[in-house]
Amino acid sequence: MPLSESPEFHGDEDNLFSEDNVPGTSNEELPPHLRHPQGSDYMTIIDVSGVHCRKIHYCLCPNSKPFHLQLLYMNLFSCTLESPRTAFTFAVLDDFIRDNLECGTSAHNYYNKLCRITSNAWPHLVVNRYRELLRISHQWRLLKLMKWNGFGHMQTSPKEGDLVLFCPACPQPGVNVFSTAEDDLSHWKYTRGFIMDGNFKAEHLKDRKADDQV
């Protein structure tokens with residue numbers, strides 16, 4: 001139905017978008033898709049499709065896993081171990097890391113995008129889980145690094161330098177450089193260089209003229 005033909009419009013645009021028509025913050029005044037389920041047995045789930053409030057039914061069998069492990073089996077990363085009330089999907093955590101790496105998107109801007117996806121008209125009414133995204137994203141990055149370096153199923157903790165990406169091009173005695181009587185390992189061609197990051201992403205985020213920023 002065209003906007004001008006809707007019963008709420010009546011040809012008066014000022015009345016439709018006046019402050020009296022802005023929804024309140026109580027659950028009864030929120031738009032239907034932003035209202036919380038009745039009761040307290042619901043969970044806030046953050047996904048690439050937006051922020052959702054859904055009721056969760058855990059397995060309560062005698063040999064059932066703890067609640068946070070049951071959520072992990074469903075690709076949900078809970079914010080707490082005891083009585084979790086908020087969880088992030090694996091997909092949204094991976095998507096945030098990609099946006100942060102390739103587009104330089106901050107956590108604040110990324111969560112604002114999720115609020116826009118949830119409700120483009122009332123993004124400020126979406127429940128705020130920005131601080132939780134900051135904390136969980138750091139934990140997710142660490143878990144990714146541990147998995148990539150073979151610590152996914154080990155009980156031992158990584159030592160200093162164990163999570164650094166191995167560079168086969170760097171000269172490393174005993175690995176790709178073997179000293180002989182004719183080789184001098186102090187020569188400049190065997191010098192190892194250290195940079196901020198391997199693909200220069202962090203260096204490119206630094207403003208050349210910070211005073212020109214508004």
(message) Suppose we call two aromatic rings close when their centres sit under 6.0 Å apart. Are Tyr58 and Phe67 close by that rule?
(response)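 Centroid separation for Tyr58 and Phe67: below 6.0 Å.
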
(message) Show, in sequence, the C-alpha distance, side-chain angles and deciding distance for Lys147 and Leu143, and conclude whether the side-chain contact (heavy atoms from CB on, under 4.5 Å) test is met.
(response) CA-CA 6 Å; Lys147 185 185 75 170; Leu143 290 175; over 6 Å; no

[X] with [Y], same ILVMFWY side-chain cluster at under 4.5 Å:
X: Tyr110; Y: Phe90; value: yes
X: Leu60; Y: Ile56; value: yes
X: Ile46; Y: Leu72; value: yes
X: Val126; Y: Trp122; value: yes

Atom pair [atom1]/[atom2] of [X] and [Y] - distance to nearest 0.5 Å:
X: Glu132; Y: Phe88; atom1: CD; atom2: CZ; result: 6.0 Å
X: Ser137; Y: Lys144; atom1: OG; atom2: NZ; result: 13.0 Å
X: Tyr42; Y: His52; atom1: OH; atom2: NE2; result: 15.0 Å
X: Asp94; Y: Arg98; atom1: CG; atom2: CZ; result: 5.5 Å
X: Asp95; Y: Asn100; atom1: CG; atom2: CG; result: 11.0 Å
X: Asn128; Y: Thr44; atom1: CG; atom2: OG1; result: 11.0 Å

(message) Exactly one of His138, Met146, Gln139 should register a side chain to side chain contact (heavy atoms under 4.5 Å, CB included) with Leu142. Which one does?
(response)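 It is Met146, the one option of His138, Met146, Gln139 that forms the side chain to side chain contact (heavy atoms under 4.5 Å, CB included) with Leu142.
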
(request) Could you label the plane-to-plane angle of the Trp140 and Phe77 rings as parallel, tilted or perpendicular, counting under 30° as parallel and over 60° as perpendicular? (result)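 Perpendicular, since the angle between the ring planes exceeds 60°.
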
(request) Assess whether atom CZ of Arg141 is packed by more than 12 heavy atoms of other residues, nucleotides or ligands within 6.0 Å. (result)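 Enclosed: over 12 neighbouring heavy atoms sit under 6.0 Å from CZ of Arg141.
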
Which atom pair, heavy atoms only, marks the closest approach of [X] to [Y]?
X: Glu82; Y: Thr80; value: O-OG1, 3.4 Å
X: Val92; Y: Leu114; value: CG2-CD1, 4.0 Å
X: Leu134; Y: Ala107; value: CD2-CB, 3.4 Å
X: Leu71; Y: Pro84; value: CD1-CG, 3.8 Å
X: Lys65; Y: Gln70; value: O-NE2, 2.7 Å
X: Tyr111; Y: Leu133; value: CB-CD2, 4.1 Å

(message) If we ignore hydrogens and angles and just use 3.5 Å, is the side chain of Ser64 paired with the main-chain N or O of Cys59 as donor and acceptor?
(response)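 Yes, because the side chain of Ser64 sits within donor-acceptor range (under 3.5 Å) of the backbone of Cys59.
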
(message) Under a 3.5 Å distance rule, please check whether Thr118 uses its side chain to pair with a backbone N or O of Val51 as donor and acceptor.
(response)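 Judged by distance alone, yes, a pair lies under 3.5 Å.
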
Within the structure provided, determine whether [X] and [Y] are in side-chain contact (heavy-atom separation under 4.5 Å).
X: Asn109; Y: Lys113; result: no
X: Ile136; Y: Cys79; result: yes
X: Val48; Y: Phe96; result: no

